[in-house]
Amino acid sequence: MSIELSEQEQVRRQSLNELRSLGIDPYPAALYPRDAFSTDIIAEFDDNQETKRQVCVAGRIMSRRIMGKASFVELQDSKGRIQIYVTRDDINTEEQPEMYNTVFKRLLDIGDFIGIKGFVFRTKMGEISVHAEELTVLSKSLRPLPIVKYKDGVAYDSFDDPEQRYRQRYVDLVVNEGVKETFIKRTQVYQSMRNFFNERGYIEVETPVLQPIPGGAAARPFITHHNALNIPLYLRIANELYLKRLIVGGFEGVYEFAKNFRNEGMDRTHNPEFTVMEIYVAYKDYNWMMEFTEKMVEKACLDVNGTTKVKVGNNEIDFKTPFKRVTMIDSIKEHTGFDISGMDEDELREVCKKLDIEIDDTMGKGKLIDEIFGEKCEGNYIQPTFITDYPIEMSPLCKRHRTNPDLTERFELMVNGKELANAYSELNDPIDQLERFQEQMKLSEKGDDEAMFIDLDFVRSLEYGMPPTSGMGIGMDRLVMLLTGQEAIQEVLFFPQMRPEKKATVDTAEKYTAIGVPEEWVAVLQKVGFITVKSLHG
RNA sequence: GACUCCGUAGCUCAGUCGGUAGAGCAAUUGACUCUUAAUCAAUGGGUCGAGGGUUCGAAUCCCUCCGGGGUUACCA
């Protein structure tokens, strides 16, 4: 925040005062009786109408073309833009004879909100516009917006510094065409999925974000402290264990769009907080869940884009069902030539060495297989593909495979070379579950800082009995990225995490003298680099 | 975290070999009652990310720091 105002900010504050002195409230309290939206007016216009349609519109001035006693304004509302034709003779009134020359031309600026009452017509150049008969100042803008111009869909001087766009998303949304559409599509994806679940009778629920044991995934959690209880609490890394408790409790289909938090790196596909939709359905297995998932994704794509095809970067992805299905063992065989079925840890290490994959001693069998798949296979799956039957060591919450005890009934949905969804036939054998947690403990002792904690209450719930259940989690940010063709997670989050904005500040002389620094030393100290009192310590 | 590039007016960007700051839009003043990246004329606007160094002289060269992008590592 700059303390000194730029020339344009000073002018706008001056205009604000002049509006008040003319008896115009720049921030009126009364509701404005808007009765039409920009794009609707254009869509509903009929050249053959005998009487002109009267409308009342409101929005932000995005550009002005002033030609003496007549002007054109581009007014932007939540749906789009419409041109307003403003003339001196039509908007001046007895009470406000300077409405046009002083108020409109001199005191209003790009960025201000105004309301317009008038009639709809088509200009000589053919553009459907509103001929203003009454202009109301609705809100004065004190900061100049970036000026982005459009012609034939091409943007000129777009506001495109990513740092400023993300830090001041409100500005990005105002001036850059298409940004809002991405976020509207995000909401449509959620609506599509909610409808899909609700139609089937599944219930949307909410479970704790603050958890005493961060369970349900392998990840580094954020930790915080609850003062009244005097205990550490973790921000959830997943909601899986809570949703399964609800299946124990008798719900037969529950889902939650859950904000999860992981204290890991940030880049164009990772934000510290992100959203996962998890759903659990009783009496189903992972085969059922595969069909459910592909139908859900196909529908979401159709609802948002009207087609199953999406362009992401140079790839065209088709979400037409059915998706391909490949077991993990077959995938590794196909992309590396190694058949790892039945291999022990040492043999797997040998394979990794041959494939030039970096490994370390903390890695168990499951992690080694995961590395091979991640390095050599994952990236090949551009079109939606289910990878099935993961090794048991890397799936501690998943039911053992019905035909092979070394594997689990698990699938991941890979799209554009990345994991999008993850699902199991859920492990509901409480004794097996406890043993799997204990295996995780051993991994943790071995040095794996992502191994899962033991959640004894969760085991207790399973001891009361959970019906056979299938569960699935899908990364919402990644899904939205795919369905909107965006390649950075920051483009689908309104406010992605950023380093705090910092300005180099210089402490005042008083702060130095307050800690006993002689006044005449202050300038000297600042000159040699101690620009703050704090910098004198340490 | 590592590597790499970037930071100049409200916005988008030039700035040559180190010689003291430029354009378009926006703003201000004026002309113009159907324009649309409106047009025409004039004017003002800069801690060149911050701090230090080299130099007679630094937006430019060197060092440190801050912020961001890209690549990479961990991860969804």
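Letters go in sequence order (proteins before strands), and every chain restarts at 1. Because the structure is a prediction, the values reported are computed rather than measured.
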Sorted by position of nearest nucleotide on RNA chain B, 5' first, the leading residue of A:Ser63 and A:Ala70 is A:Ala70
Please report the distance separating the P of B:A21 from the corresponding atom of B:G46, rounded so that it comes out in whole Å.
12 Å
Pairwise C1' distance for B:G53 and B:A58, with rounding to whole Å:
11 Å
Determine the contact category for A:Ser71: base if any of its heavy atoms lies under 4.0 Å from a base atom, sugar-phosphate if only primed atoms, P, OP1 or OP2 are that close, otherwise nothing.
nothing
Candidate nucleotides B:G69, B:C34, B:C11, ranked by approach to the side chain of A:Thr123 - the nearest:
B:C34
Is A:Phe274 stacked against the base of B:A76, taking the criterion as centroid distance under 5.5 angstrom and interplanar angle under 30°?
yes
Nearest listed nucleotide, side chain of A:Asp161, among B:U12, B:U35, B:G45
B:U12
What distance, rounded to whole Å, do you find between the two P atoms, one in B:A26 and one in B:C11?
15 Å
Measure from OH on A:Tyr156 to P on B:U36 and round the result to the nearest Å.
14 Å
With a cut-off of less than 4.0 Å, is there a side-chain N or O of A:Arg65 near OP1 or OP2 of B:U35?
no
From B:G68, B:U71, B:A26, nucleotide with atom closest to A:Glu163 side chain:
B:G68
Whole-Å distance separating the CD atom of A:Gln8 from the P atom of B:U28
8 Å
Between atom OH in A:Tyr85 and atom P in B:U36, what is the gap in whole Å?
13 Å
Which nucleotide in B:G67, B:C11, B:A26 has an atom nearest any side-chain atom of A:Arg167
B:G67
